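This chain uses plain numbering: 1 for the first residue, then up along the sequence. Predicted model only: the values in this text are computed from it and were never measured.
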Amino acid sequence: MSDAPTATPDEAVSTPEAPSRHGCPLTDSHGQAVLHPTRQQYVGVVRALLDEGFEMCVDVTAVDYLNFMERPVPASVVPERFEVVVNLLSLSAHERIRLRVQVPADDPSIDSLFDLHPGTDAMEREVFDMFGITFNDHPDLTRILMPEDWEGFPLRKDYDMGIIPVQFSADFGTRP
């Protein structure tokens, strides 16, 4: 017989709660806080972080996880093909925080941060141009790197690499 106490059905079994902030799962990456908001929580969480002193949006980018869907994410987060990654900085507190927002391939869209951080204009346009993720309510969501008539999104993992012919001279290095 074991002397270990047994729980009765009426006793609550406590499990450690996963860390969270602003209702989002919170993880750590090499000492930096990483929040995992849903697309619906995204702008509200950025607004709350702005109110806390995260006054600078350093970067908005994306990742295509087409071939790496089993990447590590918190248990409550459903991994999607695309992930929008936002880095915020608090100059006064000398602190950084990263947001990783899952964006599904069948609806690659997310709300724009332009109203909160006007400097995200070009960054969101670049993500749109390279990945095809649209930013709802962006004031000028047009291509920024590729020509307007370009077809496809070059940083998607299923984008054909293509070939650009380059002409080389056989006598390179010799000048007349």
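- The CG atom of Asn136 lies 4.5 Å from the OG atom of Ser109; values are rounded to the nearest 0.5 Å.
- Within the 4.5 Å cutoff, the side chain of His22 has heavy atoms near those of the Glu52 side chain.
- Taking a 6.0 Å sphere around CD of Glu148, one finds it holds more than 12 heavy atoms contributed by other residues, nucleotides or ligands.
- Counting heavy atoms from C-beta outward, Gln102 and Val78 have side chains that stay 4.5 Å or more apart.
- Between Gly152 and Arg143 the shortest heavy-atom distance is O-NH2, 2.7 Å.
- Residues Ser29 and Val34 share a closest heavy-atom pair of CB-CG2, 3.8 Å.
- Smallest separation of non-hydrogen atoms from Val127 and Thr61: CG2-CA, 3.5 Å.
- Side-chain contact check for Ile144 versus Phe128: every heavy-atom pair is 4.5 Å or farther apart.
- Residues Met146 and Phe153 form no side-chain contact, since every pair of their non-hydrogen atoms from C-beta on lies 4.5 Å or further apart.
- Tyr42 and Leu26 fall within the same hydrophobic cluster, defined by Ile, Leu, Val, Met, Phe, Trp and Tyr side-chain heavy atoms under 4.5 Å apart, directly or through other members.
- Here the shortest heavy-atom pairing between Ala62 and Ile133 reads CB-CD1, 3.9 Å.
- Scanning all heavy atoms of the two residues, the minimum distance from Met123 to Val58 falls at SD-O, 3.8 Å.
- Counting heavy atoms from C-beta outward, Arg156 and Leu66 have side chains that stay 4.5 Å or more apart.
- Panel note: side chain Arg71, backbone Tyr65; no donor-acceptor pair is recorded below 3.5 Å.
- Connection of Leu155 to Trp150 is established within a shared hydrophobic cluster, with ILVMFWY side chains joined at heavy-atom distances below 4.5 Å, either directly or through further cluster members.
- With no hydrogens or angles considered, a side-chain donor-acceptor pair links Gln32 and Arg98 at under 3.5 Å.
- Proximity of Leu50 to His117: side-chain heavy atoms (C-beta onward) are separated by under 4.5 Å at one or more points.
- Residues Leu99 and Leu88 have side chains in contact (heavy-atom distance under 4.5 Å, counting atoms from C-beta outward).
- The structure places CZ of Phe114 at 5.5 Å from CG of Asp121, a figure rounded to the nearest 0.5 Å.
- Listed by first and then second residue, the salt bridge (Lys or Arg N to Asp or Glu O under 4.0 Å) pairs that reach into residues 56-69 are Asp64-Arg81, sequence neighbours excluded.
- Going from atom CZ of Arg100 over to atom OG1 of Thr27 covers 6.5 Å, rounded to the nearest 0.5 Å.
- Side-chain N or O atoms of Gln41 include one that pairs as donor or acceptor with a backbone N or O of Gly23 at under 3.5 Å.
- Transitive grouping of hydrophobic side chains (ILVMFWY, heavy atoms separated by less than 4.5 Å) keeps Val84 and Val73 in distinct clusters.
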Practice item. Would you sort out whether Ile97 and Arg21 count as a side-chain contact (heavy atoms from CB on, under 4.5 Å), showing the intermediate values? Key: CA-CA 11 Å; Ile97 193 165; Arg21 186 168 176 179; 3.7 Å; yes

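- Looking at every heavy atom in both residues, Val86 comes nearest to Leu113 through CG1-CD1, 4.2 Å.
- By the criterion of side-chain heavy atoms lying less than 4.5 angstrom apart, applied directly or through intervening Ile, Leu, Val, Met, Phe, Trp or Tyr residues, Leu49 is grouped together with Leu116 in one hydrophobic cluster.
- Listed for the Asp129 side chain is a donor-acceptor partner under 3.5 Å among the backbone atoms of Leu145.
- Checked for salt-bridge contact, Arg39 and Glu80 miss the test: no charged N lies under 4.0 Å from a carboxylate O.
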Practice item. Tell me, with the steps shown, if Val63 and Val85 meet side-chain contact (heavy atoms from CB on, under 4.5 Å). Key: CA-CA 8 Å; Val63 181; Val85 182; 4.2 Å; yes

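- Considering only heavy atoms from C-beta on, Asp115 stays 4.5 Å or farther from Asp137 through its side chain.
- A single hydrophobic cluster is seen to contain both Phe82 and Phe135, as judged by linkage of ILVMFWY side chains at heavy-atom distances under 4.5 Å, directly or through other members.
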